[in-house]
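Input: a single structure, listed below in structure tokens.
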Protein chains: 2
Amino acid sequence: MKPSIFDVAKRSGLSVVTVSRVLNGSGNVREKNRLKVQQAMKELGYRPNSAAQSLAKGKTGVVGLLLSTLQDSVFDAIVKSVHDELAGHGYFLALSVSPSCREPGSSFLMEKDRVDGMIILSPTWEDELIPELERKGIPYSIIDNQNPAYDLSAVQVGHYSGGYAAGKHLVELGHESIGHLSGPGNYKSTIDRQNGFLKALAENGLEPVFIEEGTYSMDTGYDAAKRWLAEGRLPEALFCGDDYIAVGVLNALQEAGRSIPGDLSLVGYDDQNLATLLHPKLTTVAQPVQQIARCAVDGLLAQMEGREAPPPIVLKPELVVRESTAPPHSYLKENTP
Amino acid sequence: MKPSIFDVAKRSGLSVVTVSRVLNGSGNVREKNRLKVQQAMKELGYRPNSAAQSLAKGKTGVVGLLLSTLQDSVFDAIVKSVHDELAGHGYFLALSVSPSCREPGSSFLMEKDRVDGMIILSPTWEDELIPELERKGIPYSIIDNQNPAYDLSAVQVGHYSGGYAAGKHLVELGHESIGHLSGPGNYKSTIDRQNGFLKALAENGLEPVFIEEGTYSMDTGYDAAKRWLAEGRLPEALFCGDDYIAVGVLNALQEAGRSIPGDLSLVGYDDQNLATLLHPKLTTVAQPVQQIARCAVDGLLAQMEGREAPPPIVLKPELVVRESTAPPHSYLKENTP
DNA sequence: CTGTTAGCGCCTTCAT
DNA sequence: ATGAAGGCGCTAACAG
């Protein structure tokens, strides 16, 4: 049988309350006794029962992370970062992966006694989710909120800046025929990226030669590029709504024996690895994953612990331009400390 | 205040015990009363407090998954599958990501009262981990065990078969100059893959033109391929220890203006997406992620619930040969139901 | 500073 | 088939 607080009390010759006190570092314990207790705990290999703790103090020490998929390298990186950040604060991470709210187990985790708080990653149905959390009184923090109404408890990604950086980069390369192949227009992030991009061109008296809308998928990029090639209207430069689209374009070009850059200057978005990994000269707008995780966790913990929440932040993605001479792997190396 | 079992009892005019009974489906409740109780629960929006449940019955309903990284598409896929599998059985997934046992929080989760069981994914320090789990009496199941001693509670991936399939494929393409660029030789999986590969060649009276050992990284592939090119000894075909290595080779070849296949037939390993995504003609040995997750969870639950554990299984990876005419994205499409 | 007394919400005997 | 009593391990509110 695992030793309980009672065993520790008996062995140290003190009461359970005192043991509880040293356990929670709530002061008011004579140094000598604290040592006695700690000694007893060590000898017994005592570890407090978390269920009992949860029950007694109404907290679980668990934070839930809700996301729609794990097949996304930005998400993966965020999960990892959130995990580390939470661990640093003594919290556990519980995961809930569900593409829609109909999914079994989607709100399974969202019980006040299951988690102390939740982090919502790029929600697709936040309008149903958030009210439910509010109703249940579960603190939450959203990463990359879709609905502007939820700005306050969200960590926002500066998609406008990202799009702007992408556009500026292409302009500075001297291109004048620049296209944009975006994701679905019903996402706020899509629109933001696009607007930033347009702004950058406009500042230089340019307009995109076209804007096409698709889904965030390789298909979109592949099909579009195929079409452009067939119609002989490949632009000089292209800003893709995300890296999967860029990969699709890349595949189509490779199939046609074209190269990047040369036939096309391409800028992806989102992923630090995927896009640059594919082609040494592929530029991408990388999201600041660690910062995102850090802000989300900090904001959430503040709420949970009743501290004053930090003000909402907009984090800016960073344009990662690969040196044409550097081998592809060096980028990754730099980013894997 | 969240309604407690007591509120439900009062509202349904029955005792808490009866409510508890319908909650746990432990029979012995008059159908009429069961309905009453369920009605009351619905009206109150009652959800049992999990901490209290855990405390009372000594179970948490949580399964921990321990892995070394999330920057790995096979792992990601497994996490997702494990998550779904667990959810289907009413369990939660808690994640612990730590590259080493020294990491803070590595064994943080591994407390009997935190989790009912643990799944260990491709352990790198299982010799320290497993004894600890044994000592604590926590049921576990290992995916892709490293130490053969732990076969019994493990789901094994048939790396031998995988390597064999890779070798056979290259032989059947008619190659006679086949190389192998492996991962670290201190991994069981590395050796297994290599042995399977050698077997396939041997069956056809062939031997690899070389076997080189590296790490599971793009660097390994990149550096090696660079070297081969410089020395003018690029083989006709190459089996890479994993997809990252393959990607590295690919990058080096692309930089040198070479193509695949043609200059080289390349087989990667592990990932269903990464490698094939990179090149339409890149063949890969894909691990059966869903099966792996299913077996791991089934085996674990069997232990946890005292049922007879299913016999150890060796799951075979599958050779995925891409049609040279099919666009890269179609493969992904097929695998995204 | 320390111990006593009550629960936290639920489940498990054991009577009825 | 149902309910009363006790306890899971710990902590918070009072006493001393």
Side-chain angles (χ1 to χ4, degrees), chain A residues 1-38 40-41 44-62 90 111-116 136-137 305-306, chain B residues 1-38 40-41 44-62 90 111-116 136-137 305-306:
Chain A
M1 200 55 195
K2 253 188 79 170
S4 82
I5 197 176
F6 189 75
D7 301 311
V8 179
K10 205 164 48 179
R11 187 174 185 94
S12 63
L14 296 170
S15 78
V16 287
V17 194
T18 309
V19 176
S20 174
R21 286 203 179 95
V22 339
L23 213 51
N24 297 287
S26 35
N28 286 9
V29 175
R30 192 168 301 171
E31 185 58 19
K32 194 172 150 192
N33 287 338
R34 127 167 296 119
L35 290 176
K36 265 195 203 169
V37 170
Q38 286 173 332
M41 294 200 301
L44 267 46
Y46 169 74
R47 315 244 77 221
N49 179 306
S50 55
Q53 283 182 314
S54 298
L55 186 56
K57 46 180 164 187
K59 296 189 171 193
T60 63
V62 174
E111 294 299 329
K112 188 130 185 63
D113 47 53
R114 277 276 177 208
V115 293
D116 292 339
K136 293 186 177 171
E305 296 165 3
Chain B
M1 199 57 196
K2 256 189 79 171
S4 81
I5 198 175
F6 188 76
D7 301 311
V8 179
K10 203 164 52 179
R11 187 173 185 94
S12 61
L14 297 169
S15 77
V16 286
V17 192
T18 309
V19 177
S20 173
R21 287 202 178 95
V22 339
L23 213 51
N24 298 287
S26 36
N28 285 9
V29 176
R30 196 168 299 168
E31 183 59 19
K32 195 172 152 191
N33 287 339
R34 127 168 296 120
L35 290 177
K36 265 195 203 170
V37 169
Q38 287 173 330
M41 296 201 299
L44 265 47
Y46 168 74
R47 317 238 85 229
N49 179 307
S50 54
Q53 285 186 146
S54 299
L55 185 56
K57 48 180 163 185
K59 296 191 172 194
T60 63
V62 173
E111 293 299 328
K112 185 127 186 68
D113 47 54
R114 276 276 176 208
V115 294
D116 293 339
K136 293 186 177 171
E305 295 165 3

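By convention in this document, chain letters (A, B, ...) are assigned in the order of the sequence lines, proteins followed by strands, and residues within each chain are numbered from 1. All values below were derived from every heavy atom in this structure, side-chain atoms included, with hydrogens, water molecules and symmetry-related copies excluded.
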Could you list the residues that satisfy side-chain hydrogen bond (donor to acceptor under 3.5 Å, both in side chains) with [X], not counting sequence neighbours?
{"X": "Asn49(B)", "result": "none"}
{"X": "Asp113(B)", "result": "Lys2(A), Ser50(A)"}
{"X": "Lys10(A)", "result": "none"}
{"X": "Ser4(A)", "result": "none"}

Exercise for the section: May I ask you to say what Asn49(B) touches in the nucleic acid, namely base, sugar-phosphate or nothing, with a heavy-atom cut-off under 4.0 Å? Expected result: sugar-phosphate
Completion exercise
5'-most contact on DNA chain D (nearest-nucleotide basis), Asn28(B) vs Leu55(B), goes to Asn28(B)
Measure the distance from [atom1] on [X] to [atom2] on [N] and round it to the nearest whole Å.
{"X": "Leu14(B)", "N": "dC10(C)", "atom1": "CG", "atom2": "P", "result": "16 Å"}
{"X": "Phe6(B)", "N": "dA4(D)", "atom1": "CZ", "atom2": "P", "result": "10 Å"}
{"X": "Asp113(A)", "N": "dC10(D)", "atom1": "CG", "atom2": "P", "result": "19 Å"}
{"X": "Met41(A)", "N": "dC10(D)", "atom1": "CE", "atom2": "C1'", "result": "14 Å"}

Problem - Side chain of Arg30(B) (C-beta onward), nearest among dT4(C), dG9(C), dA1(D) - result: dA1(D)
Exercise for the section: Ignoring backbone atoms, establish whether Thr18(B) has a side-chain N or O less than 4.0 Å from OP1 or OP2 of dG3(D). Expected result: yes
Practice task
Would you please confirm or rule out a distance under 4.0 Å between OP1 or OP2 of dG9(C) and any side-chain N or O of Ser4(B)?
Solution key: no
Practice task
Among residues two or more places apart or on two chains, list those pairs meeting salt bridge (Lys or Arg N to Asp or Glu O under 4.0 Å) that have a residue in residues 27-38 of chain A.
Solution key: none
Enumerate the protein-to-nucleotides 11-14 of chain C contacts in which both atoms are nitrogen or oxygen and the separation is below 3.5 Å.
unit_1	atom_1	unit_2	atom_2	d
dC11(C)	OP1	Asn24(B)	OD1	3.3
dC11(C)	OP1	Asn24(B)	ND2	3.0
dC11(C)	OP1	Gln53(B)	OE1	3.4
dC11(C)	OP2	Ser20(B)	OG	2.8

Fill in the blank from the handout: Interatomic distance, CG@Asn24(A) vs NZ@Lys57(A), rounded to 0.5 Å, equals 4.5 Å
